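Written below as structure tokens is the structure these notes are about.
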Amino acid sequence: MAGQDSSGQFQEKSSSAVAGPHEEDREDSGSIGSSSADENHLQQTKTKDEDEAAQRSDTRDVRSRVSEEVRRTTSNVIARVASRITTRTWPEPPPPPDRGVHAWTQVAMGWLVIFTTWGWVNSFGAFQTYYTSVLPQSPSTISWIGSLQIWFCLVISVISGRLLDAGLFLPTFLVGAIIQVLGIFLMSISTEYWSLMLTQGVLTGIGAGIFFTPSLALVATYFNKRRGLAVGLATTGNSAGGIIYPVVVRQLLPTLGFAWTTRVLAFINLTCLSIVFAFMRPRLPPRKSGPLIDWSAFREWPYLGVVGGIFTTSMSNYFTFYYIASYGRDALGLSYSAASIMVILINGAGILFRVIPPIIADRIGPINVMFPVTFAWALVAYCWLGVNSVPGLYVFACFYGVCAGSFQCLTATAVASITKRLDTVGTRLGMAFSISSFASLTGPPIGGAILAADGGKYMGAQAWAATMTFLGFLCFAFVRVSKVGWELKVKC
């Protein structure tokens, strides 16, 4: 038993001795395995961190690319928007034909347009004298009817001129013609100052303003070398209307009365404007984009000078046209019939000189012609101060009409000559006329107020009108010098 125990103990010791090293090896291998597992875990963690860093880097790259694409897209959008509000990216319009039956037909239609608009407006002097004799209002107050008519005719140009560029000439013309003719028909049943102000002043002015500027700008787009001649021929309608309307009023008013005389004038306009609607057509393709106002024009000194010259001369011109008949009656004792002849003379004398200056302007440039014309106009205006007889008034009316006609026939050509793109002529011409409308609105009433403040004497108002014309001369002198300097033999 003792032998068995000792042998058992020996076996246990040997097995424990044998098992001991194996267990230590297992413990060592376990510790080594644990160490490997830790290293693997660290490696996996490190790999995971690297993957996450790579993903974050990729995300940043994607975001950067998206941001760059957004910037590029935004830049393209802004460029497209900018191209719609500037004129630099518009395609150039085709060159004008400068000849042909169709082109000269537009000149004839332009003649009828100016006949029914500015011929009608310039004949207000005949109405001014008649209204002064039948209405209780003062001459200065009555002149607001004609001034408001001119103002609406011109101020609406900033919108209506743009409608030509947008390809909406025909509907624009139709709406304007209907409003103007309706205003004249309603004028025939007006017996009070306020009703005449609404019909003759507001309605006819708005109607004429809607279709006048698009029509005149349309004529200019058909010509380049002969543009001055074409526009000049069209503006002779101004003088013709200034003769025919006062003659109709002078002859029919004593026999038919005011109502039917006015209706006859309305039927004349209706006939003329119907012919225009049938034959007048725009040449250039529509320009759907672009601003209502070309603000870049106000950064150009020549444009500012031309607009300033038109503004100052408009103040004096319409005072003279409206008050020359009243001067003949008040200062020289003429009858209404004899005084109204002055309106016919001042309009009719310039009819030939609405053609000659444009022919010269086509050769040497419109600014080169307007520069001396405004100087002569200012001298003639100062001569009114020395008129104290009926023959002298006749002579003054003729010379003033010549100078006024020579100037007015070149205004559209002058604006077109300093406009680089023909498809913006309507917009810039409308802007110029709209600005000068405020001069036409205030000129006759200011002159009338000076007349009233001077106790009915015309000298102060005459001197004021002449000085405004001289300021117009200075504006065109500035334009001439700013464009080509002091050289004489340069087309401008």
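Everything numeric here is computed off the predicted structure, so don't read it as measured data.
Not counting sequence neighbours, the partners of Tyr130 by the ring pair (Phe, Tyr, Trp, His ring centres under 6.0 Å) test are Phe258. Shown here are the side chain to side chain donor-acceptor pair (under 3.5 Å) partners of Ser326, two or more places apart in sequence or in another chain: there are none. When the ring pair (Phe, Tyr, Trp, His ring centres under 6.0 Å) test is applied to Tyr382, no partner is found at least two apart in sequence or on another chain. Shown here are the ring pair (Phe, Tyr, Trp, His ring centres under 6.0 Å) partners of Tyr327, two or more places apart in sequence or in another chain: Trp384, Tyr458. Applying the side chain to side chain donor-acceptor pair (under 3.5 Å) test to Arg226 and every residue at least two apart in sequence or in another chain returns nothing. Legend: residues meeting side chain to side chain donor-acceptor pair (under 3.5 Å) with Ser316, ordered by chain and number and at least two apart, are Thr469. Evaluation of the ring pair (Phe, Tyr, Trp, His ring centres under 6.0 Å) rule for Phe279 yields no partner, not counting sequence neighbours.
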Worked verdict on Tyr131 versus Tyr193 for ring pair (Phe, Tyr, Trp, His ring centres under 6.0 Å): CA-CA 9 Å; Tyr131 293 156; Tyr193 173 77; 8.8 Å; no
Candidate pair Ile435 and Val155, rule side chain to side chain contact (heavy atoms under 4.5 Å, CB included), full reasoning: CA-CA 7 Å; Ile435 294 170; Val155 77; over 6 Å; no
Worked check of side chain to side chain contact (heavy atoms under 4.5 Å, CB included) between Tyr318 and Phe124: CA-CA 10 Å; Tyr318 290 105; Phe124 181 76; over 6 Å; no
Worked verdict on Val306 versus Val415 for side chain to side chain contact (heavy atoms under 4.5 Å, CB included): CA-CA 7 Å; Val306 168; Val415 173; 4.1 Å; yes
Trace of the side chain to side chain contact (heavy atoms under 4.5 Å, CB included) decision for Gln137 with Thr132: CA-CA 7 Å; Gln137 282 76 18; Thr132 303; over 6 Å; no
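More than 12 non-hydrogen atoms from other residues, nucleotides or ligands lie less than 6.0 angstrom from CZ of Arg281. At most 12 heavy atoms of other shown residues, nucleotides or ligands fall within 6.0 angstrom of atom CZ in Phe375.
If you check the side chains of Trp111 and Thr236, you find a donor sitting under 3.5 Å from an acceptor.
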Would you give me the side-chain donor-acceptor pairs under 3.5 Å for residues 263-270, sequence neighbours excluded?
residue, atom, partner, partner atom, Å
Arg263, NE, Ser188, OG, 3.4
Asn269, OD1, Tyr245, OH, 2.3
Asn269, ND2, Thr116, O, 3.4
Asn269, ND2, Gln180, OE1, 3.1

Mind listing the side-chain donor-acceptor pairs of residues 140-148 below 3.5 Å, one per line with the distance, residues two or more places apart or on another chain?
residue, atom, partner, partner atom, Å
Ser140, OG, Pro445, O, 3.4
Thr141, OG1, Ser138, OG, 2.9
Ser143, OG, Ser140, O, 2.6
Ser143, OG, Tyr323, OH, 3.4
Ser147, OG, Ser143, O, 3.0
Ser147, OG, Leu441, O, 3.4

Please tabulate, for the side chains in residues 397-409, all donor-acceptor contacts under 3.5 angstrom to protein atoms that are two or more places apart in sequence or on a different chain.
residue, atom, partner, partner atom, Å
Tyr400, OH, Thr320, OG1, 3.3
Ser406, OG, Val402, O, 2.8
Gln408, OE1, Arg354, NH2, 2.6

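The list of salt bridge (charged side-chain N to carboxylate O under 4.0 Å, His left out) pairs with a residue in residues 425-449, not counting sequence neighbours, reads Asp294-Arg428, Glu300-Arg428. Sorted pairs that involve residues 393-412 and meet salt bridge (charged side-chain N to carboxylate O under 4.0 Å, His left out), not counting sequence neighbours, are lacking altogether.
If you run side-chain contact (heavy atoms from CB on, under 4.5 Å) between Phe211 and each of Val276, Thr172, Thr117, only Thr117 comes through. Screening Trp120, Phe433, Phe173 against Phe212 for a ring pair (Phe, Tyr, Trp, His ring centres under 6.0 Å) leaves a single residue, Phe433.
Contact between Thr199 and Gly183 at its shortest, heavy atoms only, is CB-O, 3.7 Å.
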